[in-house]
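Below, each value reflects all heavy atoms present in this structure, side chains not excepted, and no hydrogens, waters or symmetry copies. By convention here, the first residue in the shown sequence is residue 1. None of the values given here were measured: they were computed from a predicted structure.
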Amino acid sequence: DGHTLVITTPSSHIVAIYLTRKLPYNPRTDFTPITAVADPVTVVAAHPSVPASSMREFVDLLKKNPGKYAYGSPGVGSVFHLMGELLTLSANVDIIHVPYKGTAPAVADTVSGQVQFVFSAVNNVIPQMQAKKLKVLAVLTPQRFSAMPDIPSVAESLPGYERPSSWYGFFGPAGMPRDITTAINAQINRAINTHIGDIHINLAKAERHNASFGAHHCARGEGAARGIHFRNQTATFANFRMGDEIFIIRSITRCEISHH
């Protein structure tokens, strides 16, 4: 009836298609895409003991120490896991993946030194960075992030590295009436471009506000009179290792909604 929605990420609606042989749902046919709302700014953060102060130095360190450095992720098949796998391919390094049950324990174990680095949304590591318990080596964006202008982008030291997107998107059940889909799309866009108490979340118009959330706005239009669907304009292909098997993974790298 359009009253039960889910907000999810590429892990469940893109990556799972290629990793899970018997997925109990069909991401393409069991849901109605409504809108993407944000694409978090992601970073590579390392324990202070790691002898590197930049991504370039870090890659050199990994090359000299194959199989000795481990990174944490929120779990096998998460977009942050894929970011690590893409690093192994683009930089030709050998690193160890340690999956956790969520971002918080992965960041916590990086702080404690159980693993040496982590791929994470920037808002999850800002407190640790400010307390000098973690150091951010690079922002995984083509350009520097305005809220952290002193941190280089990954493109500056590792050209060709293009992270998989970790967008957040709203979906409803399959077969939602178009008028309901359009109405909810409009309400979400309106909410994103308004005030909640003293917190301004106009992510679409002012990047300085994006800095507080560590995300880019990527919601689309308010009047999809003929329905809404995701369009995969840009795809990243990578070998993905899980145990002794190798998978070919495709991940949307831009969140985009097209109206038809």
Side-chain angles (χ1 to χ4, degrees), residues 40-166 211 214-215 236 238-243 249 251 253:
V41 174
T42 51
V43 298
V44 181
H47 188 269
S49 65
V50 172
S53 57
S54 68
M55 194 65 184
R56 182 175 286 107
E57 292 179 2
F58 187 51
V59 169
D60 290 341
L61 178 67
L62 296 178
K63 287 180 179 291
K64 294 175 183 177
N65 297 275
K68 293 184 179 180
Y69 284 83
Y71 73 97
S73 84
V76 172
S78 65
V79 290
F80 299 104
H81 181 191
L82 293 185
M83 291 175 192
E85 293 297 331
L86 287 171
L87 178 62
T88 67
L89 291 170
S90 57
N92 192 26
V93 295
D94 181 11
I95 54 180
I96 301 169
H97 172 235
V98 181
Y100 290 84
K101 294 182 178 180
T103 298
V107 172
D109 266 13
T110 309
V111 170
S112 68
Q114 296 297 312
V115 293
Q116 288 73 47
F117 66 109
V118 66
F119 295 88
S120 173
V122 66
N123 59 296
N124 292 323
V125 299
I126 286 177
Q128 293 85 352
M129 182 184 70
Q130 292 173 337
K132 300 189 183 302
K133 295 180 179 180
L134 289 177
K135 55 183 176 182
V136 174
L137 301 176
V139 179
L140 301 184
T141 51
Q143 295 83 32
R144 296 193 180 198
F145 182 41
S146 61
M148 304 167 64
D150 295 332
I151 305 297
S153 71
V154 69
E156 294 177 43
S157 53
L158 195 58
Y161 181 93
E162 186 175 359
R163 69 170 182 98
S165 173
S166 52
T236 295
N239 290 329
F240 178 85
R241 298 174 298 178
M242 190 164 66
I249 300 302
S251 176
T253 56

Any non-hydrogen side-chain atom of [X] less than 4.5 Å from a side-chain atom of [Y]?
X: L140; Y: Y161; result: yes
X: F58; Y: V50; result: yes
X: L134; Y: V107; result: yes
X: L158; Y: S90; result: yes
X: Y100; Y: V115; result: yes
X: V41; Y: V139; result: yes
X: L87; Y: I95; result: yes

Short question: side chain of [X], backbone of [Y] - any donor-acceptor pair under 3.5 Å?
X: K63; Y: A91; value: yes
X: K133; Y: P127; value: no
X: S73; Y: G75; value: yes
X: K132; Y: P48; value: no
X: Y71; Y: H81; value: yes
X: E156; Y: S153; value: yes

Between [X] and [Y], what is the shortest heavy-atom contact and its length?
X: S112; Y: D109; answer: OG-O, 3.1 Å
X: A147; Y: P149; answer: C-CD, 3.4 Å
X: Q116; Y: K68; answer: OE1-O, 3.9 Å
X: S53; Y: L137; answer: C-CD2, 4.0 Å
X: G72; Y: V118; answer: O-CG2, 3.3 Å

* Checking side-chain contact (heavy atoms from CB on, under 4.5 Å) for the pair F80/T42: CA distance, chi angles, key distance, verdict? -> CA-CA 9 Å; F80 299 104; T42 51; 3.6 Å; yes
* Only one of D94, I96, L61 forms a side chain to side chain contact (heavy atoms under 4.5 Å, CB included) with Y69, so which one is it? ->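 Of all the options given, the one that passes is L61.
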* Between E85 and L89, is a side-chain contact (heavy atoms from CB on, under 4.5 Å) present by the stated rule, with each step listed? -> CA-CA 7 Å; E85 293 297 331; L89 291 170; 5.7 Å; no
* To do: Verify the ring-centre separation between H47 and F117: is it less than 6.0 angstrom?
  =>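 No - the distance between ring centres of F117 and H47 does not fall below the 6.0 Å cut-off.
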* Asked: Are I151 and V43 close enough, and set up right, to give a side-chain contact (heavy atoms from CB on, under 4.5 Å), and what steps lead you there?
  -> CA-CA 10 Å; I151 305 297; V43 298; 6.0 Å; no
* Distance (rounded to the nearest 0.5 Å) between S54 OG and K135 NZ ->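 The distance works out to 9.5 Å.
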* **M129 CE to S120 OG distance, which is reported to the nearest 0.5 Å** =>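 Going from the CE atom of M129 to the OG atom of S120 covers 11.5 Å.
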* Asked: If you count the non-hydrogen atoms of other residues, nucleotides and ligands that lie under 6.0 Å from CG in N92, is the total more than 12?
  ->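 Incorrect, the count does not exceed 12.
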